[in-house]
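Written out below as structure tokens is the structure these notes cover.
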Amino acid sequence: MNGHTDILAIETSCDETAAAVIRDGREVLSNVIYTQIAMHTTYGGVVPELASRAHIEKINAVVRAALSDAKMALPDVDAVAVTNGPGLVGALLVGVAEAKAIAWAAQKPLIGVNHIEGHIAANYLAHPELVPPYLGLVVSGGHTHLAVVRDYASFEILGRTVDDAAGEAFDKVARAVGLGYPGGPKIDAAAKEGNAEAIAFPRAKVNGSEYDFSFSGLKSAVLNYLNHAEMTHEEVNRADLAASFQKAVVDVLVGHTMRAAKELGIGAVAVSGGVSANSALRAGFEEACGKAGVKLYLPPLIYCTDNAAMIGAAAYHEYLSGRRSGYDLNAVPGLKLGER
Ligand code: KG4
Ligand code: ZN
């Protein structure tokens with residue numbers, strides 16, 4: 001309401017209760033994240049019921065903090081955006097109900113946002129020069145997608161995982177090795193002390209679809225390695241195992257993406273999602289893109305894992321295109337990339 005478009009965005013799809021105010025799809029006026037990680041750590045993973053309850057407890061305070069950090073009140077914002085899928089249904093519902101109530105009370109437009117599209121939009125927050133078309137790789141706890149981002153809300157999916165998501169593989173392997181939850185950061189840290197060439201883990205290919213991913217075979221190979229070591233009473237070097245597993249994931253993610261960039265003649269790659277925080281993945285992409293002369297975009301760490309700023313960035317383009325959600329907006333746990 002000041003010549004700018006300021007969107008209040010809400011995200012509660014998994015284990016972060018988050019709200020943000022985003023100006024013109026690019027500028028972060030506030031970004032508040034309450035993470036439930038400490039609570040879920042006790043159980044070795046996200047407990048959906050506990051997540052929903054914690055969202056309910058925190059959501060009002062988080063939204064208030066996002067407005068006050070942005071030095072705004074509700075009447076100042078132009079729209080209310082919320083992740084309505086994919087994610088945990090009970091968790092999503094908390095954000096959706098909150099956003100609907102706020103939008104109705106303040107008489108503001110309501111915009112439901114696809115969480116995966118939010119991850120893709122994370123790079124817009126830090127890179128003003130990034131505009132479609134480009135090649136987008138989303139790697140998170142629930143998703144692994146390689147897509148041509150034709151326009152802000154137009155995606156051509158080249159490949160996806162046929163089993164586990166990349167982050168899921170990190171979490172499962174970390175649990176098996178006894179590194180705890182969330183697995184990604186733990187493996188990342190352990191791998192720094194290890195030798196990535198120590199153990200030869202498979203780089204899985206998916207028959208007939210060169211851009212699809214498969215990580216369950218790699219996970220099984222790690223479990224077999226651990227079982228074998230236990231049976232033969234050999235000691236497992238956890239740092240070597242973490243580094244070798246991580247390298248196998250990174251090789252496949254970077255390999256598929258660079259092949260697509262070359263074959264499709266696309267000169268820009270943007271990586272996002274929780275796993276894009278991984279230091280080996282970032283280094284792997286920097287090296288490969290440097291060699292290939294491809295421009296690389298990575299989000300700052302705070303926009304890699306779940307946040308509402310990226311939801312506000314994605315919502316801006318929906319807002320511009322005139323798309324609005326009704327008060328019947330619902331949580332859609334299985335929402336696919338490109339679906340609304
Ligand atoms: O994007 P995100 O916060 O939530 C989903 O939408 O899924 O991603 C969380 C995932 C978890 O699987 C976590 O282990 C992984 O991202 N992750 C990492 C790192 N930091 C978070 N994986 C590898 N290395 C990291 N440094
Ligand atoms: Zn996410």
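Here the structure is a predicted model, which is why all the values come from computation and not from measurement. Order of appearance sets the numbers: ligands from 1, and atoms from 1 within every ligand.
- For atom 7 (O) of ligand 1, the closest heavy atom belonging to the protein is G141 N, 2.8 Å.
- The contact set between ligand 1 and G167, taken as ligand atoms under 4.0 Å from a residue heavy atom, comprises 12 (O).
- Summary: OD1 is the N/O/S atom of D306 found nearest to the Zn ion (ligand 2).
- Between D212 and R160, no side-chain nitrogen of the basic residue sits less than 4.0 Å from a carboxylate oxygen of the acidic one, so the salt-bridge criterion is not met.
- Heavy atoms of H115 come nearer than 4.0 angstrom to ligand 1 in at least one pair.
- Both the backbone and the side chain of T305 come within contact range of ligand 1, each with a heavy atom under 4.0 Å.
- Among all protein heavy atoms, the one lying closest to atom 24 (N) of ligand 1 is N278 ND2, 3.0 Å.
- Among all heavy-atom pairs drawn from V206 and S214, the shortest one is CG2-CB, 3.8 Å.
- Remark: among candidates G274, S279, S140, the nearest residue to atom 17 (N) of ligand 1 is G274, based on non-hydrogen atoms.
- Minimum heavy-atom separation, Q246 to F170: OE1-CE2, 4.0 Å.
- Atom 14 (O) of ligand 1 has as its closest protein heavy atom D171 OD1, 2.7 Å.
- Ion pairing between a basic and an acidic side chain is recognised when a charged N comes within 4.0 Å of a carboxylate O; R175 and D171 show no such pairing.
- Between G142 and ligand 1 there is a heavy-atom distance shorter than 4.0 Å.
- Looking from atom 2 (P) of ligand 1 to the surrounding protein, the closest heavy atom is D306 OD1, 3.3 Å.
- Closest to atom 18 (C) of ligand 1, if we only count protein heavy atoms, is G184 CA, 3.4 Å.
- Nearest protein heavy-atom neighbour of atom 26 (N) of ligand 1: D188 OD2, 2.9 Å.
- Rounding to the nearest 10°, we obtain 100° for the angle at the Zn ion (ligand 2) between H119 NE2 and H115 NE2.
- Using a 4.5 Å cut-off on side-chain heavy atoms (C-beta onward), M258 and C289 make contact.
- The pair K172-D164 counts as a salt bridge, with a side-chain nitrogen and a carboxylate oxygen less than 4.0 angstrom apart.
- A salt bridge does not link E57 with R53: none of the charged nitrogens is closer than 4.0 Å to a carboxylate oxygen.
- Under a cut-off of 6.0 angstrom, the local environment of CD in E230 is sparse, with at most 12 non-hydrogen atoms contributed by other residues, nucleotides or ligands.
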